[in-house]
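In what follows, a structure is listed as structure tokens, so that the remarks can point back to it.
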4 protein chains.
Amino acid sequence: MAYQRSALMQERLSENRARILAAARQLVAEGGFRAASITAVARVSGLSTGAIYRYFPSKSVLFVEVLTSAVAHECEILTAIVDGDGSARERLRAAVASFARRALKGPHLAFAFIAEPADPDVEAARILCRRDFGDVFKRVLRAGMASGEFPKQSVDVGAACIVGAFTEALVRPVEHAGGRRSDQALVRAIVDFCDRAVGGTD
Amino acid sequence: MAYQRSALMQERLSENRARILAAARQLVAEGGFRAASITAVARVSGLSTGAIYRYFPSKSVLFVEVLTSAVAHECEILTAIVDGDGSARERLRAAVASFARRALKGPHLAFAFIAEPADPDVEAARILCRRDFGDVFKRVLRAGMASGEFPKQSVDVGAACIVGAFTEALVRPVEHAGGRRSDQALVRAIVDFCDRAVGGTD
Amino acid sequence: MAYQRSALMQERLSENRARILAAARQLVAEGGFRAASITAVARVSGLSTGAIYRYFPSKSVLFVEVLTSAVAHECEILTAIVDGDGSARERLRAAVASFARRALKGPHLAFAFIAEPADPDVEAARILCRRDFGDVFKRVLRAGMASGEFPKQSVDVGAACIVGAFTEALVRPVEHAGGRRSDQALVRAIVDFCDRAVGGTD
Amino acid sequence: MAYQRSALMQERLSENRARILAAARQLVAEGGFRAASITAVARVSGLSTGAIYRYFPSKSVLFVEVLTSAVAHECEILTAIVDGDGSARERLRAAVASFARRALKGPHLAFAFIAEPADPDVEAARILCRRDFGDVFKRVLRAGMASGEFPKQSVDVGAACIVGAFTEALVRPVEHAGGRRSDQALVRAIVDFCDRAVGGTD
DNA sequence: CATGAATGAGAATTCATTCAT
DNA sequence: TATGAATGAATTCTCATTCAT
């Protein structure tokens, strides 16, 4: 009996795939990579462990995709801001502020993806992701230098420093959730720091 | 009559302790906490697994010591610089440059200690260590603001951003060892970034 | 669509659970709790160590169940006898005789359960089990005292002494299996001892 | 250089041996065989682990001696009572009462020796010790039967039952130390039980 | 094609025993 | 001779991955 893969079936397949990714994302967000076992992903997604392996050949591959898709999404948002209107300085401030605000809403996820290693494959993907983040900032740095808004500086290092600066500044309040300063003030301080760092004028 | 513990024996004991710490440090530097199993520490240190437990009551305690001793050492060096002579700006530049140069020599370790989580006990120690690093920079920031060298800014956020910025900027070249720019130029770029970020004048 | 768990599968699951319990029971019977490692249970049951942990969350829980289920079974039998017809004395004799005969068939197990401690959790369960045994005998003692068959005496101590007496008398012949007197005579002697101890008249 | 083993040295040797035995006894009394590791024995005795092995070839041998010497001591006391003056019944009551009172003073030790097994060698010794205990009671049983004080009964079984009865009755209060009945009343109840069991008349 | 029970290598930790000093 | 550091096999438990149903 020949099987026809119906549209319905196709849909279910990609729905399952999405469910698995969502479950993995949620688990990492709630408890880090440590809490994200295949068994847990199966439980949260409502599928079996065997089913996970139908959609992803290994745990590494699954989490590399979780990581890259989340980062790609963030990068799209940042890119839209960086490629938008306004001065380079305005765009940089807006991009940093946007990332910081989003990270403060879903804290552990941002931390895990940016800072937490898992196994070597995921680690390799994480490094590529950080580079992707950096690339967005490189563009606005180049634009600012071209227009004379920013002084001459290393684009590579500047971009990495920006990513590192706001990552680190965001990680700490995340870890002591209680008694943190207002998120507004935190975002503002991070943005000011990056602004001064690249601009040199206040 | 109890036998005197000979000086030779004493020396071997502390030598073994140091060997265990060195082995643990090396394993973390090469492959992160993931690669640092007790078995691996035993193999690299040339001792048995049981011997590890004569010197350290648990894996957690061992790695907390690895972490805190490394960080304490770095903090001492930074503190000496920050408490030295010169303008706040000069001292900040010197501190960042010193850390960056040292990190480039023993690369992965710095990252693993700053960014990589392990088990809850080590994680708790790691958070304290990050705070210690930040504290050093807070002092120079306060000094610069008091003397009017630096504009008014958030000391907490600024310190975290500095730590994050140079950590991130150092991690990337470390991970793609080939084709990196000259270390000198890298250090210079990082220092300039932090300098502008806190000072606002060039 | 979730698949139905077939009756066959259901059966295999409870069969495995039973196999694990049986293997644990056998190992305790043959060599005491000392000989009953998880590895040994896995070997004897024909499963892997990991499989044991699908059915029982820890070694303690497994052995607590082995212990309590065996004791509960014995207690049911004794309770049925003690709550049956006849004089208190007849029921006491029947209960002791029944336990003794059963113990002589599966010897070491009864002893290990009554006398041998293991880890704290199992030990706690063991104490509760001894109390359960004692409770059965307390009832018949109270009945006999109420009816005037037995002289006034401590119910608590009497019950404990009965359990201890037949346990000890059964343990020795069990351990030197060769050359033992006839089981019949042994059971008779134990029953007579307990009978005299509580009744005081022959 | 030929060594002369001086009297002083001889004394120290047997003193050390005694210290080791005392340390082992104390540890078993306080925490059972579980707490009695060779390292712990070394610590408590003030000797090194290596020294333990100069006096005892293995842990088993050490604890077999701890066990047998303690039991031998109890047996001597019981034997003196059993071989003393008075009716068989009086001597039996006195012996049981003596053992019970002593056990209540140093409870864990008696329990560990009577009920708790360790490794196979110690276990074998424990069984022999119980037999030794039983032998004492066999003598008084025989004496009582010969004089017509006790009815005809199995000496072997009776002795075992007596040992089991008072052991069990003593073990329980030991384990729930709080809220126990008065020791006096407990001893009395145990003695009465054994008395009735062998004598048949009140 | 989905299921989830089973696998088994590997992790941290313990401890009786040995042997270089 | 006494020491106690070192050994290493054994223990309990975890989890990514497979495969019979």
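So that the names make sense, note that chain A is the first sequence line, chain B the second, and so on, each numbered from 1.
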Using Watson-Crick or G-U wobble geometry with both distances under 3.5 Å, which nucleotide pairs with E:dT21?
F:dA2

Counting only Watson-Crick pairs (N1-N3 plus N6-O4 or O6-N4) and G-U wobbles (N1-O2, O6-N3), all under 3.5 Å, who is the partner of E:dA16?
F:dT7

What is the distance from [atom1] of [X] to [atom2] of [N], rounded to the nearest Å?
{"X": "B:Ile52", "N": "E:dC15", "atom1": "CD1", "atom2": "P", "result": "18 Å"}
{"X": "A:Phe56", "N": "E:dA2", "atom1": "CZ", "atom2": "P", "result": "13 Å"}
{"X": "A:Arg17", "N": "E:dC1", "atom1": "CZ", "atom2": "P", "result": "15 Å"}
{"X": "B:Phe63", "N": "E:dA11", "atom1": "CZ", "atom2": "P", "result": "12 Å"}
{"X": "C:Arg43", "N": "E:dG8", "atom1": "CZ", "atom2": "P", "result": "15 Å"}
{"X": "B:Glu15", "N": "F:dA5", "atom1": "CD", "atom2": "P", "result": "15 Å"}
{"X": "D:Leu27", "N": "E:dC15", "atom1": "CG", "atom2": "P", "result": "13 Å"}
{"X": "C:Arg34", "N": "E:dC15", "atom1": "CZ", "atom2": "P", "result": "11 Å"}

When we call it a touch if two heavy atoms are under 4.0 Å apart, what does [X] touch: a base, just sugar-phosphate, or nothing?
{"X": "C:Ser58", "value": "sugar-phosphate"}
{"X": "B:Ser48", "value": "base"}
{"X": "D:Ile38", "value": "base"}
{"X": "C:Leu47", "value": "sugar-phosphate"}
{"X": "C:Thr49", "value": "base"}

Taking every non-hydrogen atom, the tightest pair across [X] and [Y]:
{"X": "A:Tyr53", "Y": "A:Ser58", "answer": "CE2-CA, 4.0 Å"}
{"X": "A:Leu67", "Y": "A:Cys129", "answer": "CG-SG, 3.9 Å"}
{"X": "C:Ser45", "Y": "C:Arg19", "answer": "O-NE, 3.2 Å"}

In plain terms, say whether A:Arg25 and A:Glu65 are close enough for a salt bridge, that is, a side-chain N and a carboxylate O under 4.0 Å apart.
no

So how far is it from D:Ile20 CD1 to D:Leu47 CG, rounded to the nearest 0.5 Å?
5.0 Å

So, is B:Arg54 close to the F:dG4 phosphate, meaning a side-chain N or O under 4.0 Å from OP1 or OP2?
no

Under 4.0 angstrom between A:Tyr55 side-chain N/O and E:dC1 OP1 or OP2
no

Can you tell me which nucleotide in F:dA16, F:dC13, E:dA12 comes closest to the side chain of C:Tyr53?
F:dC13

Please tell me which of A:Ser60 and D:Gly50 maps to the more 5' nucleotide of DNA chain F, matching each residue to the nucleotide holding its nearest heavy atom.
D:Gly50

Judged by nearest nucleotide, the residue sitting upstream toward the 5' end of DNA chain F, B:Asn16 or C:Ala51, is B:Asn16

